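First the structure, in the form of structure tokens, and then the observations on it.
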Amino acid sequence: MNRRVSLPPMNIFAQIFYLLRKEITLEWRQKFAISGILLYVLSTVFIVYISFQNIGPQVWNVLFWVIMLFASVNAVMKSFVQESGYRQLYYFQLLHPIAILLSKMIYNSLLLLLLGGLTFVALSFVAGNPVQEAGNFALALFLGSTGFSITFTFVSAIAAKADNSSTLMAILSFPVVIPILLLLVNLSAHSIGLLSGSDVGDKISLLAAVDLMLVAMGLVLFPFLWRD
Amino acid sequence: MKKYWWKVLGVVILFYTIFVGMLTPLKTGITDASPVSLRTGRSEVLTVQGYNSFFTKEKEKLRAWLKMGSDKALAASRIEVVDDRVVRLTFDIPAYLPVEQKVKDFTLLIDSPVDGASVLPGGIVVTQDSINTALGEALWPNAEIAKLHEKAAFTFPFRNILSETIRNTYYHVPLWMAMFIILTAGMVMSVRYLWKSNPDDDRKAMALTNVGLLLGILGLITGAIWAKYTWGKFWSWDVKQNMTAIALLIYGAYFVLRGSFEDPEKKSKVSAVYNIFAFASLVPLLYIIPKLTDSLHPGAGGNIAFGSQDLDNTMKLVFRPAIIGWTLLGVWIAEIVLRSARLRDRLMEV
């Protein structure tokens with residue numbers, strides 16, 4: 001086993017790329033985590049389906065985002081909570097904290113996008129697909145997974161510092177994520193045709209603004225959280 | 001004593017807002033007129049209920065009109081004062097309405113030298129059998145409404161539905177603003193803690209946030225009581241109420257987070273970070289989202305705020321000091337919380 005250990009480069013973008021590759025490789029190696037979360041989505045969709053049986057467009061819309069919300073919390077929770085203390089120390093010596101946070105946020109966004117796609121396919125499979133404007137819905141899904149990923153990743157970093165982190169994760173993140181969730185339900189209601197109006201563009205830019213603000217807060221605050 | 005001037009000031013202001021805010025009478029208003037629906041071509045008698053009115057004083061100078069828009073007004077042909085609160089008005093309504101509708105709403109206006117002018121906006125409906133606009137235009141007089149009186153005393157505005165609940169402007173709204181000021185101060189203390197790592201800054205942030213949460217709960221309760229009398233229910237699933245409940249949950253989570261640390265330094269740092277993050281998410285919650293959706297709340301979703309009703313600025317004289325008063329009281333409570341936290345921390349060290 002004479003593999004050369006390559007040190008991560010010092011450029012922050014290169015660090016992000018490096019960490020992202022590491023996250024994906026790790027996920028690929030231990031497939032149980034990601035298959036667990038995918039199974040979680042499938043079984044939730046199925047439970048919801050057999051409890052409701054007839055799912056109208058309005059209920060479909062709400063259920064989609066509620067399933068997304070709970071699956072996202074479960075998927076993102078592990079990002080900081082499950083990192084061991086030694087590995088944290090290792091990162092601390094080598095990497096810029098912003099690179100660590102951003103790489104986790106990007107990785108989680110991709111993961112949540114995948115989860116959202118799966119939830120959509122599964123829910124459409126059992127309950128029909130009410131979406132009329134696919135582009136709008138895809139945009140809502142993209143902004144939604146980014147917003148969820150940003151909030152949950154940051155809260156997971158906070159919760160990881162405390163002792164009973166899994167309870168804290170829900171308590172801390174749900175109230176913070178509600179504005180995003182409300183905007184998302186509203187936006188996708190537009191794309192399903194439940195709501196009509198010309199202010200879709202306003203809501204999209206508002207959602208993007210909230211996402212950006214949360215990223216900015218995260219980037220400013222994370223270095224303080226990191227320093228132990 | 002010099003040190004405590006602001007506490008004295010806060011208490012004096014709050015006593016002022018409670019006494020003046022509660023004891024100042026409202027302007028004269030009209031709470032009810034019956035029958036609500038009148039017919040054309042008849043001489044109809046309206047029984048009008050006044051609020052805070054003194055119809056028997058100078059009753060011969062009482063005047064009343066049914067008003068439509070700005071150019072049609074029908075003066076009452078006979079005014080019979082029953083007592084201070086009840087007056088009977090007789091209107092000789094022409095045979096046709098000056099509009100192309102079967103039904104039209106009119107505003108009732110009463111003027112008295114003692115009480116000033118009072119209105120019942122859109123409260124009277126007149127129905128006609130057939131439409132003849134030209135004849136209606138000719139028949140409806142435009143009685144001159146001039147020399148309206150102003151009530152001389154110091155009063156608050158009277159508005160239907162709101163009536164006495166308008167006084168909540170001095171409690172609910174300032175409590176809410178004081179909460180925002182104090183939470184902002186708490187957030188600033190958290191920023192200062194991250195900057196300088198002085199444990200006392202974190203205690204200050206904790207104390208201020210504690211009081212902010214208390215003021216927020218009081219603001220929610222006063223708002224819900226007000227909503228019971230104006231919207232009909234304590235909780236109407238209004239966006240403003242829901243967002244507020246969420247905001248309180250966020251700050252509740254702040255204290256749960258504080259409780260889950262053993263190490264004081266770690267606790268201070270992580271909760272300072274969360275406090276800033278929570279404050280940043282509070283702004284879209286309380287000030288952006290309610291503006292996007294329909295809301296019953298004054299000042300949101302197209303409803304007017306009470307400030308626009310305060311034509312002679314009497315409400316501002318109580319409302320503005322009330323903000324300062326509640327803020328000062330809040331800071332005082334926060335100071336006591338802070339001192340007890342300092343003592344507790346010192347005990348832990350011993």
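Residue numbers start from 1 in every chain, and the chains themselves are labelled A, B, ... in the order their sequence lines are given, proteins ahead of strands. Bear in mind the structure is a predicted one, so any value in this text is a computation, not a measurement.
Heavy-atom distances place the side chain of A:Phe154, and not its backbone, under 4.5 Å from chain B. At a 4.5 Å heavy-atom cutoff, the contact between A:Ile178 and chain B is made by side-chain atoms alone. In this structure, chain B has heavy atoms under 4.5 Å from both the backbone and the side chain of A:Leu214. No part of B:Ala278 comes within reach of chain A, as not one of its non-hydrogen atoms sits under 4.5 angstrom from that chain. Residue contact with chain B, scored on non-hydrogen atoms closer than 4.5 Å, is absent for A:Val220.
Side chain of B:Lys266 to main chain of A:Lys161: a donor-acceptor pair is present (N/O by atom type, distance under 3.5 Å, no hydrogens or angles).
Scanning all heavy atoms of the two residues, the minimum distance from B:Ile246 to A:Pro175 falls at CG2-O, 3.4 Å. What you find for A:Met213 and B:Ala280 is that their closest heavy atoms are CE-O, 3.2 Å. Considering all non-hydrogen atoms of both residues, A:Phe224 and B:Lys269 come closest at O-CD, 3.1 Å. When all heavy atoms of B:Val273 and A:Leu221 are compared, the pair lying nearest together is O-CD1, 3.6 Å.
Annotation: side chain of A:Phe174 is not in contact with side chain of B:Leu249 (no heavy-atom distance under 4.5 Å). Side-chain contact between B:Tyr274 and A:Val176: present, with at least one pair of heavy atoms (C-beta onward) separated by less than 4.5 Å.
Taking CD1 from A:Ile171 and CZ from B:Phe255, the interatomic distance works out to 14.0 Å, rounded to the nearest 0.5 Å. Note that the CG atom of A:Leu172 and the OG atom of B:Ser260 stand 7.5 Å from one another [nearest 0.5 Å].
In this structure, A:Tyr40 places its OH atom where more than 12 heavy-atom neighbours from other residues, nucleotides or ligands lie under 6.0 Å away. Enclosure of atom CD in A:Gln58 is not indicated, since only 12 or fewer non-hydrogen atoms of other residues, nucleotides or ligands lie within 6.0 angstrom. The environment of CD in B:Glu265 is sparse: at most 12 heavy-atom neighbours from other residues, nucleotides or ligands sit within 6.0 Å. Atom CH2 of B:Trp195 has 12 or fewer heavy atoms from other residues, nucleotides or ligands within 6.0 Å.
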